[in-house]
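Inspection log for the structure reproduced underneath, given as structure tokens.
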Amino acid sequence: MRYSPNLLDEVLRRTDLVQLVGRRVKLVRKGRVMWGCCPFHKEKSPSFKVENERRAYKCFGCGAGGDAFRWVMETEGLSFPEAVEKLASEAGVELPKWSAEDEAREEKKKSLYDIVEMAAKFYEDKLREPAGQTAREYLKSRGLDEAAAKQFRLGYAPRDNALSEYLKTQNVTADDMIAAGLARSGERGLRDFFFDRLMFPITDARGRAIAFGGRALSADAQPKYINTGETPIFSKGHLLYNFASARPAALKNGTIVLAEGYMDVIALVRAGFEASVAPLGTALTEDQLMLLWRVTPEPVLAFDGDEAGLRAGNRAAHLALPHLKPGHSLRFAFLPAGEDPDSFVKAHGPAAMKKLLDDAQPLSHVLWRAETESKDFSTPERRAGLERSLAEIVSAISDSKVADYYRRDFDSRVFDSFKRRQPVAPRRGYENAKPGSPRRGAKQGQMPALAPVSAEVKNSLLARAGAGGARRMKELEVAGLLLEHPELGSAHAEALAALVFMDRSLDRLRHELLNLAASGIGLEKGALENHLVRVGLGELVGRLAARKAASAGAGGDVNLGDDIETRWLRAIAQLREMAELEPERHRAMERFKDEGTEESWRDAHRLLSARD
């Protein structure tokens, strides 16, 4: 039911948020505010603030924040109504009475919970009787003993309408049996919904039995698995198998594993992976995805390594796209072909399964693999088709910041796969000669004299490396040419999309040009400058204009023998080469800072001077 704003405010007012949060986080007072290390991400310095006065908490590291209701939902995996009920009970706030219709409906549900619980106990008892021999043998063949059967409340559904006859003796009406999904009526009267099947009780988030999954024990029975149909207390798309038991472990360990079936979950839990769940006989739904995200920001989806498992992983990946937000994603663990979690744990042990889960692939990798694996991109048209497909994936992401990072990631992957130039042959010279070989002009067996490295030179070199001088100047050159000649962005949009600028404002300029080019708007200098000013890049426009004027006044930035397009293409090629050299430059500078030797200075100087 809906709660009034006044009631919710009363619950918040009576809740001591500092005390509530302090149950999980060590807080230290600084003035009127309490601080601690954020429980939602790993950090060493406290950036997590809690204030009773504002009735709010906020992490300045990861952005997590909210009120007491949000805290309980995030840390205990409760829904909003459940959070209200919990905090109202603790604060001594009485929730409003329901209407007569609400009360009647709730009483009906309570009776259905009782009926399903009766059925669960009935099935458990039957598993241990002579009629359950076949079911016990099947469990033994899967490596499950009596303890496992008790832990998961496994049971057996006999033939001959045994459950219906038993429930009649408990004064349960036929209508209630049907409403609970335990029986159905037909031409021959009331019949059990499940018979001759191994039974898996399905519980709600509070651990109450509300439905069943049943596995056929005879080879010719179809389908192999069936679930209770939709009832007033059960909807299979909204719940996960074993969620009530997995939630505390997931909140404690920070991870949860989604497997494909009931037996997979049981095998994982028995192997020590207590935070394991599974959908209820269907593909993963949005509601189930939200359940996973309520307990951990990056659930691991464990799928079989066959074609069906890969398709299931791809469906789940696309299902998640509209709901992605900073810090919330999915990871995927694909088992070897022919294996499922149950068989893999038995064959390789829990340690191998832990490594497989720890090495789970990020969502972006799964999406990229689905679009590229075993596909031919030998023609420009096919590569263009790939870029279009990747753009459609990005467009499905609602969060603009996450979408931007996916766009960058895909641009980088496309560049590395199809656009990266082959390494240029090294130049002839001393710096590329074999170790110990003499420099040109030196006598055989004699190394040339080297000037000592002065402190001034070292300091200059370190400052220059810190500023990223050459690369930043090249970025400004590329951007300046684009501002003066916007048609370059339209003519070479693909090359522009592959560029990576260190300067954030220049990268925004790149994005604005790409967006304008994609929209089909004709680009000319004056209109572009006005547009950039409107979107907050006026300072950049002024900076580039000032640089152009200074360069012209100094007689620089002129290549009379080249046309503008040739100059720009050469500049972006040099910029890409600089970006590729960046890791090597970084390593050389770290070595120079550590050693300060002549040799480390030469290496650092050579790399920093490249394309200067």
Side-chain angles (χ1 to χ4, degrees), residues 1-98 203-208 239-240 243-256 274-275 277 287 289-299 323 325-328:
M1 66 179 296
R2 296 186 63 181
Y3 300 107
S4 70
N6 290 338
L7 174 68
L8 297 177
D9 190 64
E10 178 68 11
V11 174
L12 292 176
R13 189 180 65 81
R14 293 198 189 186
T15 298
D16 187 324
L17 183 60
V18 169
Q19 185 182 50
L20 180 67
V21 174
R23 297 173 190 172
R24 293 179 176 269
V25 179
K26 183 179 179 180
L27 299 173
V28 177
R29 180 178 295 280
K30 294 183 180 179
R32 291 159 54 181
V33 179
M34 305 297 289
W35 292 85
C37 291
C38 179
F40 301 110
H41 78 286
K42 295 180 180 179
E43 64 176 5
K44 296 181 180 178
S45 300
S47 64
F48 182 75
K49 180 177 74 170
V50 186
E51 293 183 88
N52 266 338
E53 190 173 304
R54 295 176 181 268
R55 302 178 195 163
Y57 64 91
K58 173 71 175 179
C59 176
F60 293 93
C62 68
D67 57 17
F69 298 130
R70 172 58 58 184
W71 173 261
V72 173
M73 292 168 66
E74 293 286 349
T75 59
E76 299 186 27
L78 302 182
S79 65
F80 180 72
E82 290 171 336
V84 174
E85 290 178 13
K86 174 183 173 66
L87 292 179
S89 174
E90 292 182 359
V93 177
E94 185 176 353
L95 297 178
K97 300 291 185 182
W98 289 8
T203 65
D204 63 10
R206 295 166 62 179
R208 296 174 297 186
L239 297 167
L240 292 163
F243 182 74
S245 299
R247 180 168 60 184
L251 290 169
K252 179 181 178 181
N253 300 327
T255 187
I256 192 168
E274 296 178 359
V277 296
D287 288 324
L289 183 59
M290 296 305 122
L291 272 182
L292 294 172
W293 274 332
R294 271 164 51 183
V295 295
T296 183
E298 285 195 359
H323 308 289
K325 59 183 180 180
H328 283 70

Any Trp293 side-chain heavy atom under 4.5 Å of Pro299 side chain: yes
With a sphere of 6.0 Å drawn around CD of Glu274, does it hold more than 12 non-hydrogen atoms of other residues, nucleotides or ligands? no
Tell me the closest heavy-atom pair linking Pro297 and Gly327, and the distance in Å. CB-O, 3.2 Å
Is the backbone of Thr15 close enough, under 3.5 Å, to the side chain of Glu90 for a donor and an acceptor to pair up by distance? no
Give the ring-plane orientation class for Phe48 versus Tyr57, where under 30° counts as parallel, over 60° as perpendicular and anything between as tilted. tilted
For Leu292 and Val277, run side-chain contact (heavy atoms from CB on, under 4.5 Å): C-alpha distance rounded to whole Å, both residues' side-chain angles, the deciding distance at 0.1 Å, then the answer. CA-CA 9 Å; Leu292 294 172; Val277 296; 3.8 Å; yes
Are the side chains of Arg55 and Asp9 in contact, using a 4.5 Å heavy-atom criterion? yes
So, does Ser47 use its side chain to make a donor-acceptor pair with the main chain of Cys59 at under 3.5 Å? no
Ser79: which of Arg294, Met73, Met290, Glu85 passes side chain to side chain contact (heavy atoms under 4.5 Å, CB included): Arg294
Taking C-beta and beyond as the side chain, do Phe243 and Asp204 meet within less than 4.5 Å on heavy atoms? no
Test item: His323 and His328 side chains (from C-beta on) under 4.5 Å apart, heavy atoms: no
Please check if the side chain of Arg247 supplies one atom and the backbone of Val295 the other of a donor-acceptor pair under 3.5 Å. no
Over 12 non-hydrogen atoms of neighbours within 6.0 angstrom of CZ in Arg14: yes
Within a strict 4.5 Å, meaning less than it, do heavy atoms of the Leu20 and Leu87 side chains meet? yes
Are the side chains of Glu76 and Arg24 in contact, using a 4.5 Å heavy-atom criterion? yes
Taking all atoms of both residues into account, what is the closest heavy-atom pair of Ala250 and Ile256, and its distance? CB-CB, 3.9 Å
Look only at the side chain of Asn253 and the backbone of Thr255, and say whether a donor-acceptor pair between them is shorter than 3.5 Å. no
Take Asp67 and Leu17 through the side-chain contact (heavy atoms from CB on, under 4.5 Å) test and state the conclusion after the steps. CA-CA 8 Å; Asp67 57 17; Leu17 183 60; over 6 Å; no
